[in-house]
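The next block holds one structure in the form of structure tokens; read it before the comments.
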2 protein chains.
Amino acid sequence: MALIFNKRDPIYMQVMHHFRRLIVSGELKPGEEMPSRRQLANQMKINPNTVQRAYSEMEEQRLIYTEANTPSKVTEDPDIVKQLKKEWLDQALTHFVSAIDPVDISLDELMTMIEEKLANRKKGN
Amino acid sequence: MALIFNKRDPIYMQVMHHFRRLIVSGELKPGEEMPSRRQLANQMKINPNTVQRAYSEMEEQRLIYTEANTPSKVTEDPDIVKQLKKEWLDQALTHFVSAIDPVDISLDELMTMIEEKLANRKKGN
DNA sequence: TATAGTGTACTAGCTATATAATACAGCTAT
DNA sequence: ATAGCTGTATTATATAGCTAGTACACTATA
């Protein structure tokens with residue numbers, strides 16, 4: 001998991017996004033240990049404080065929790081995970097529908113294009 | 001057309017996005033006159049230089065063109081407009097498919113949710 | 001008891017962005 | 001001609017957000 005950063009968005013936000021995605025997909029399971037701040041900073045070649053910022057915001061959002069002097073862990077509250085998944089999906093839909101709004105295209109055409117994209121995606125394109 | 005700016009993205013980019021959208025939707029037609037830099041700056045309560053930055057980038061992208069001392073106009077090249085529409089749609093699809101990737105959901109469910117969103121959108125929700 | 005690992009806190013500096021203030025050249029209608 | 005529009009260019013400044021550097025407190029373990 002290399003994680004390439006874009007220069008537009010703040011790194012700490014991209015880190016947050018990365019982990020939210022992992023939780024949504026289930027690759028990070030409830031109760032699982034997060035990488036320590038310094039570990040992750042080394043891996044990603046970024047500053048530990050940047051990781052700290054991402055983690056502390058995720059903690060505010062109850063996505064992770066921290067006990068004294070031990071690496072943070074993913075929340076074990078199923079409702080929070082469920083809520084995250086719901087928000088993630090809803091936001092994706094909202095953005096998409098909003099983006100597509102000015103485009104003159106039929107629903108059928110749209111569906112076809114989505115299917116194609118999804119198919120290509122799986123092939124690695 | 002109020003156009004509310006978010007604080008994350010640079011204003012000049014949001015202005016560009018605004019006009020790209022208008023061209024995609026056809027609300028701005030080929031050859032149509034753009035608001036003058038100063039006019040738009042007044043309307044949007046932003047600095048004329050910010051508008052200038054947006055316009056000059058759009059000009060580099062051939063979306064608009066400028067003749068001496070007269071307001072810029074929307075490109076009259078149909079290929080450029082066509083290309084813009086294509087890119088717009090493709091980008092929306094790519095983002096969406098990428099966002100949806102970690103979510104565990106069937107294609108049918110997805111389609112249903114999109115239809116719902118589209119329907120709600122039209123109602124003004 | 002040290003050492004090395006946790007998380008946390010504070011401060012300073014950098015960079016991108018936005019703004020502001022001018023200035024200049026050219027067109028057009030009054 | 002003159003006033004008021006265009007677009008364009010330059011420079012300086014302010015500010016906010018992000019990142020980097022450093023230090024501290026705590027805990028476990030060798």
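Each chain gets a letter, A, B and so on, in the order its sequence line appears, and its residues count up from 1. Note: hydrogens, waters and symmetry copies are ignored here, and every other heavy atom, side chains too, is used.
- Proximity of B/Gln39 to the phosphate of D/dC5: no side-chain N or O atom is located under 4.0 Å from OP1 or OP2.
- If you check every strand for non-hydrogen atoms under 4.0 Å, A/Ser72 touches sugar and phosphate atoms only.
- Closest to the side chain of A/Arg53, from the set D/dA9, D/dT19, C/dT17, is D/dT19.
- Note on A/Glu33: nothing from the nucleic acid sits closer than 4.0 angstrom, heavy atoms only.
- Considering only side-chain atoms of B/Arg8, the nucleotide from C/dT6, D/dG17, C/dT19 that sits closest is D/dG17.
- Nucleic acid contact for B/Tyr55: none, since no nucleic acid atom lies under 4.0 Å from a heavy atom of the residue.
- Screening residues 62-81 of chain A for ring pair (Phe, Tyr, Trp, His ring centres under 6.0 Å), with sequence neighbours left out, gives no hits.
- For the pair B/Arg37 and D/dT6, the criterion of a side-chain N or O lying under 4.0 Å from OP1 or OP2 is not met.
- Going from atom CD of B/Gln52 over to atom C1' of C/dA21 covers 16 Å, rounded to whole Å.
- With hydrogens and angles left out, the side chain of A/Asn69 and the base of D/dA28 share no donor-acceptor pair within 3.5 Å.
- Between atom OG1 of residue B/Thr94 and atom CG of residue B/Leu89 there is a gap of 9.0 Å, rounded to the nearest 0.5 Å.
- Between B/Thr50 and C/dT19, a side-chain N or O to OP1/OP2 separation shorter than 4.0 Å is present.
- A donor atom on one side chain and an acceptor atom on the other are not found under 3.5 Å apart for B/Glu57 and B/Gln61.
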List the atom pairs, with distances to 0.1 Å, where a side-chain N or O of residues 30-39 of chain A and a protein N or O form a donor-acceptor pair under 3.5 Å, not counting sequence neighbours.
residue: A/Glu32; atom: OE1; partner: A/Lys29; partner atom: N; Å: 2.9
residue: A/Ser36; atom: OG; partner: A/Arg38; partner atom: N; Å: 3.4
residue: A/Ser36; atom: OG; partner: A/Gln39; partner atom: N; Å: 3.1
residue: A/Arg37; atom: NE; partner: A/Gln52; partner atom: OE1; Å: 2.9
residue: A/Arg37; atom: NH1; partner: A/Ser72; partner atom: OG; Å: 2.6
residue: A/Arg37; atom: NH2; partner: A/Gln52; partner atom: OE1; Å: 3.3

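- In this structure, B/Pro10 and A/Pro48 both approach DNA chain C, and ranking their closest nucleotides by distance from the 5' end singles out A/Pro48.
- One can place CG of B/Asn47 at 20 Å from P of C/dA16, the figure rounded to the nearest angstrom.
- Here the C1' atom of nucleotide D/dA20 and the CE atom of A/Met44 are 18 Å apart, to the nearest Å.
- Put simply, NZ on B/Lys45 is 16 Å from C1' on C/dT19, counting in whole angstrom units.
- Note on A/Glu67: nothing from the nucleic acid sits closer than 4.0 angstrom, heavy atoms only.
- Residue A/Glu59 places its side chain closer to C/dT8 than to any other of D/dA20, C/dT8, D/dG7.
- The interatomic distance linking A/Met16 (CE) with D/dT19 (P) rounds to 13 Å, in whole Å.
- Aromatic ring orientation, B/Phe96 versus A/Phe96: parallel (interplanar angle below 30°, classes split at 30° and 60°).
- One can place CG of A/Leu40 at 15 Å from C1' of C/dT6, the figure rounded to the nearest angstrom.
- Atom pair A/Tyr65:OH and C/dT8:C1' shows a separation of 19 Å (rounding to whole Å applied).
- The phosphate of C/dT6 has OP1 or OP2 within less than 4.0 Å of a side-chain N or O from A/Ser36.
- A donor-acceptor contact under 3.5 Å is formed by the side chain of B/Arg38 with the base of D/dG7.
- Between B/Asn49 atom CG and D/dT6 atom P the separation is 15 Å, expressed in whole Å.
- Position along DNA chain D of the nearest nucleotide to B/Thr66 versus A/Ile11 favours B/Thr66 as the more 5'-ward residue.
- Proximity note for B/Tyr12 (side chain, C-beta onward) versus D/dT19, C/dT6, C/dT17: the nearest is C/dT17.
- Side-chain N or O atoms of A/Trp88 include one that pairs as donor or acceptor with a backbone N or O of B/Ala99 at under 3.5 Å.
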